[in-house]
Amino acid sequence: MSITRRVRDLTVATLNDRLEHAQDPLRVIDAFLREMADAIKETEALHRQCAAHTASVRAQYLQSDSLARRREEQAVLAVKAGEDGVARAALAEKALEEEKRDGYRDLYEQSRRSVDELESRLAELKREYQEVYHKRQYYLARIETLRLQQRMHERTHRYASQGGNWFNRLEDRITDMELEARSLMDVRGGFADRTAQALAFGEDKIEQALAQLKRKLEGGDGKS
């Protein structure tokens with residue numbers, strides 16, 4: 001495919017067509033930018049060649065025009081000198097140079113238009129490259145923003161889940177403490193009952209000792 005055809009096909013419109021069915025838009029954009037960069041380099045090289053050729057053709061055109069003017073001057077001098085033969089030869093060379101001049105002038109005009117067209121297309125390619133590149137950077141920045149937002153949401157959700165587990169564990173711990181306290185109260189309650197029973201048992205002993213003492217004082221030996 002010629003560089004002209006490739007350059008003509010590389011437009012933002014063709015990129016949009018490619019993106020319509022792309023699974024990975026970033027890869028499509030990068031491939032398009034590489035194609036555009038290659039096309040720009042090839043167009044720049046072609047422009048340099050065309051500009052050099054145009055300069056060469058222009059030099060040939062100016063040289064033939066200069067020689068045609070010089071042969072005309074020589075013919076005038078020859079006529080003034082009465083040398084018609086020299087004048088004829090000078091006029092013949094003048095006609096030949098004029099023919100060459102006209103041919104080179106046409107080539108120069110065509111080549112100059114080609115150079116102008118290449119310069120215009122090159123400027124358009126660079127502008128479109130920058131446009132696509134900036135859109136690619138913006139697209140990449142949006143992807144990065146969404147990725148970071150997703151990571152932030154995932155992290156927030158993980159913390160929330162961890163917080164929920166922690167509260168659940170705290171709830172379990174409080175329940176355990178309540179059960180322990182309740183058990184301890186039961187144990188303490190039982191211990192209190194046993195203490196009361198022990199005290200009651202002690203009171204009976206005291207009452208018995210008191211009764212025995214009273215009997216002893218009343219004259220008994222206190223022995224049952």
Side-chain angles (χ1 to χ4, degrees), residues 1-22 24-141:
M1 184 183 296
S2 66
I3 177 62
T4 305
R5 174 71 179 278
R6 288 180 57 196
V7 169
R8 188 173 63 247
D9 292 344
L10 284 173
T11 63
V12 176
T14 59
L15 174 61
N16 291 332
D17 291 339
R18 297 183 193 182
L19 290 174
E20 284 292 333
H21 307 289
D24 188 347
L26 191 60
R27 180 174 295 178
V28 172
I29 293 173
D30 287 344
F32 185 80
L33 286 174
R34 285 194 296 272
E35 290 182 34
M36 291 197 77
D38 292 340
I40 288 173
K41 290 180 181 177
E42 293 177 7
T43 304
E44 288 176 336
L46 181 60
H47 175 265
R48 287 193 295 271
Q49 293 175 358
C50 287
H53 175 68
T54 301
S56 174
V57 171
R58 182 174 182 272
Q60 295 286 342
Y61 156 64
L62 294 176
Q63 183 180 13
S64 295
D65 184 63
S66 176
L67 287 175
R69 294 176 186 275
R70 186 180 302 174
R71 296 295 180 262
E72 184 177 4
E73 293 173 354
Q74 290 172 345
V76 170
L77 291 175
V79 169
K80 289 181 178 178
E83 298 178 0
D84 290 351
V86 175
R88 289 190 186 91
L91 289 175
E93 290 186 8
K94 172 179 177 288
L96 181 61
E97 293 299 330
E98 286 178 341
E99 183 179 355
K100 289 169 59 179
R101 178 198 63 191
D102 293 343
Y104 280 121
R105 182 179 58 197
D106 291 342
L107 287 177
Y108 168 67
E109 293 296 334
Q110 293 175 19
S111 184
R112 189 175 59 82
R113 285 195 294 270
S114 297
V115 171
D116 292 342
E117 183 179 350
L118 278 174
E119 288 179 350
S120 176
R121 184 56 187 141
L122 190 58
E124 185 178 0
L125 272 176
K126 290 181 178 179
R127 180 183 58 77
E128 290 185 346
Y129 180 90
Q130 291 297 324
E131 179 182 350
V132 173
Y133 177 78
H134 288 310
K135 285 184 178 179
R136 185 255 190 202
Q137 294 300 100
Y138 175 70
Y139 176 73
L140 194 63

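A donor-acceptor pair is defined here as one N or O able to donate and one able to accept, closer than 3.5 Å; such a pair exists between the side chain of Ser64 and the backbone of Gln60. Between the side chain of Ser111 and the main chain of Leu107, no donor-acceptor pair closer than 3.5 Å is present. At distances below 3.5 Å, not a single donor-acceptor pair connects side-chain atoms of Ser56 with backbone N or O atoms of Ala52.
Note that CD of Glu72 is 11.0 Å distant from CG of Leu77, once rounded to the nearest 0.5 Å. Interatomic distance, Leu33 CG to Tyr133 OH, rounded to the nearest 0.5 Å: 9.0 Å.
By the salt bridge (charged side-chain N to carboxylate O under 4.0 Å, His left out) test, Glu44 is found to be paired with Lys126, residues two or more places apart in sequence or in another chain being considered. By the side-chain contact (heavy atoms from CB on, under 4.5 Å) test, Gln74 is found to be paired with Arg70, Arg71, Ala90, residues two or more places apart in sequence or in another chain being considered.
Ion pairing between a basic and an acidic side chain is recognised when a charged N comes within 4.0 Å of a carboxylate O; Lys41 and Asp38 show no such pairing. Looking at Lys94 and Glu97, no side-chain N of the basic residue comes within less than 4.0 Å of a carboxylate O on the acidic one, giving no salt bridge. For the pair Arg69 and Asp65, the salt-bridge criterion is met [side-chain N within less than 4.0 Å of a carboxylate O].
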* To do: Evaluate the criterion side-chain contact (heavy atoms from CB on, under 4.5 Å) for residue pair Leu46 and Gln49; output intermediate values, then yes/no.
  => CA-CA 5 Å; Leu46 181 60; Gln49 293 175 358; 4.0 Å; yes
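If you run side chain to side chain contact (heavy atoms under 4.5 Å, CB included) between His134 and each of Glu131, Gln130, Arg136, only Gln130 comes through.
Counting non-hydrogen atoms of other residues, nucleotides and ligands closer than 6.0 Å to CZ of Arg58 gives a total of 12 or fewer.
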